[in-house]
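These figures come from a predicted structure and were not determined experimentally.
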Amino acid sequence: MSHLLQLNDVSVIFEGKTDGVKHTIPAMVDVNLSFDSGEIVALVGESGCGKTTLGKVLTGLQKPTKGELFYKGKNVWSMNKAEFAEYRSSVQLVQQDSYAALNPAKTIFQSLSAPILQNKIVKGKKAAHEKVCELLRTVELTPPEQFLEKYPHQLSGGQRQRVLMARAISLNPKLIVADEPVSMVDVSLRLSILNLMAKLNKEMGIAFVYITHDLATARYIAKNGRLAVMYLGKIVELGSVRNVLAAPRHPYLQALLTAVPVPDPKVAKGKRELPLKSLEMPSISNPPSGCAFNPRCPYADETCVLVQPKLDFHGDDLVACHHAERIPEWKLVTLAK
Ligand SMILES: Nc1ncnc2c1ncn2[C@@H]1O[C@H](COP(=O)(O)OP(=O)(O)OP(=O)(O)O)[C@@H](O)[C@H]1O
Ligand SMILES: [Mg+2]
């Protein structure tokens, strides 16, 4: 059986210019990832590591420079028009900036009714009205009549994000890529938006790819799902959230985890820190040779400087590190005594 969505050796290389000099930006390099119906995958990485580019590739907004994207076993970029249209409505993107994503001159009813009428989900204004009300109720904007005639600027960030979620589910998608959907939402409302995604996943069977730089929300939303860790355009660790967070192998993920605050003071006291050699992320347009993490990694040796590690199985999870087998957790330095 084919996966719902599959990336085969996908790279995206942008052209950049600094001081008039052309250079390449490898935003995604040889990424292999697949997504199945109904699952939640969190994609985590620092700013600029290629998360949004990956999200755009998955939703057909960015054509890979190299490699293939398959939807239900069919190569997306050699689909006919009807197949491509079905794929595009089945894989939806929810963007970070809900204000930019909605037309400021259109009411919520206009923004939500246009795609369902265009895609013949419903026929006529009355049916569109009923469907839009149902969508608003599903995303917990109630009573829906209160929102129909509002403009985007009259809603809060959290409410706009719910409208985007309503628009994304209106075409009965199989998968939603949510790119930092809560980073611009008030902190107090973030959990409720994450809970809404979990509800849509559970009740409607929609698969989610949750893109974030924040491990804590990734762990929250994908507790029964998978985690993919990205570093400078590459996936460096991939596995079930349970496994990967209980026994992180890639030193980059270990470092990210030590940066997550621990609420329990007893646990915090014994918390360990990975002493990175440098806190600075190298430029993605001039990545280090060998393993891209080597200039920051406390375990790096000559091999790491010379040879790019492959993403290989270690236990049930995939890790791209020459020393994945040798790095036991106890090597981390204990902080407070
Ligand atoms: N259209 C483009 N043209 C040129 N360079 C681009 C383009 N889109 C992205 N980039 C570059 O590709 C790299 C990866 O960008 P991307 O937006 O995918 O990262 P990100 O992980 O989503 O970052 P953030 O966490 O800040 O959203 C960056 O260096 C970015 O400047
Ligand atoms: Mg981004």
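Side-chain atoms of H323 and D301 include a donor-acceptor pair closer than 3.5 Å. No side-chain N or O of D214 forms a donor-acceptor pair with one of T212 less than 3.5 Å apart. For Y220 and R190, the side-chain atoms include no donor-acceptor pair closer than 3.5 Å. Using a 3.5 Å distance cut-off with no hydrogens or angles, the side chains of T18 and H23 do pair a donor with an acceptor.
Salt-bridge check for K131 with E134: passed, with a basic side-chain N closer than 4.0 Å to an acidic carboxylate O. A salt bridge is absent between E237 and R249: the closest approach of a Lys/Arg side-chain nitrogen to an acidic carboxylate oxygen does not fall below 4.0 angstrom.
Within 6.0 Å of CG on D316 lie no more than 12 heavy atoms contributed by other residues, nucleotides or ligands. Environment of NZ in K56: sparse, with no more than 12 heavy atoms of neighbouring residues, nucleotides or ligands closer than 6.0 Å. Around atom NZ of K223, more than 12 heavy atoms belonging to other residues, nucleotides or ligands sit under 6.0 Å away.
In plain terms, the two heavy atoms of A105 and Y151 that are nearest each other are O-CE2, 3.4 Å. Between N32 and D9, the closest heavy-atom pair is OD1-N, 2.7 Å. Closest approach of A218 to V44, counting heavy atoms only: CB-CG2, 3.7 Å. Nearest heavy atom pair, residue A178 against residue P181, reads O-CD, 3.6 Å.
Among V31, V12, V76, the one residue that satisfies the side-chain contact (heavy atoms from CB on, under 4.5 Å) test with V57 is V12. Applying the side-chain contact (heavy atoms from CB on, under 4.5 Å) test between E140 and each of L196, N195, I193 identifies L196 as the sole match. The one candidate from K234, K66, K310 that meets the salt bridge (charged side-chain N to carboxylate O under 4.0 Å, His left out) condition with D30 is K66.
Without hydrogens or angle criteria, H322 side chain to V307 main chain gives a donor-acceptor distance under 3.5 Å.
Atom CG of L318 sits about 7.5 Å away from atom CG of D312, to the nearest 0.5 Å. Taking OG1 of T65 as the reference point, atom NZ of K63 lies at 10.0 Å (rounded to 0.5 Å).
Proximity of the aromatic rings of H250 and F293 is defined here by a centroid distance below 6.0 angstrom, and this criterion is met.
Within the structure, the ring pair (Phe, Tyr, Trp, His ring centres under 6.0 Å) test picks out the following pairs touching residues 84-143 (sequence neighbours left out): Y71-Y87, W77-F84, F84-Y87.
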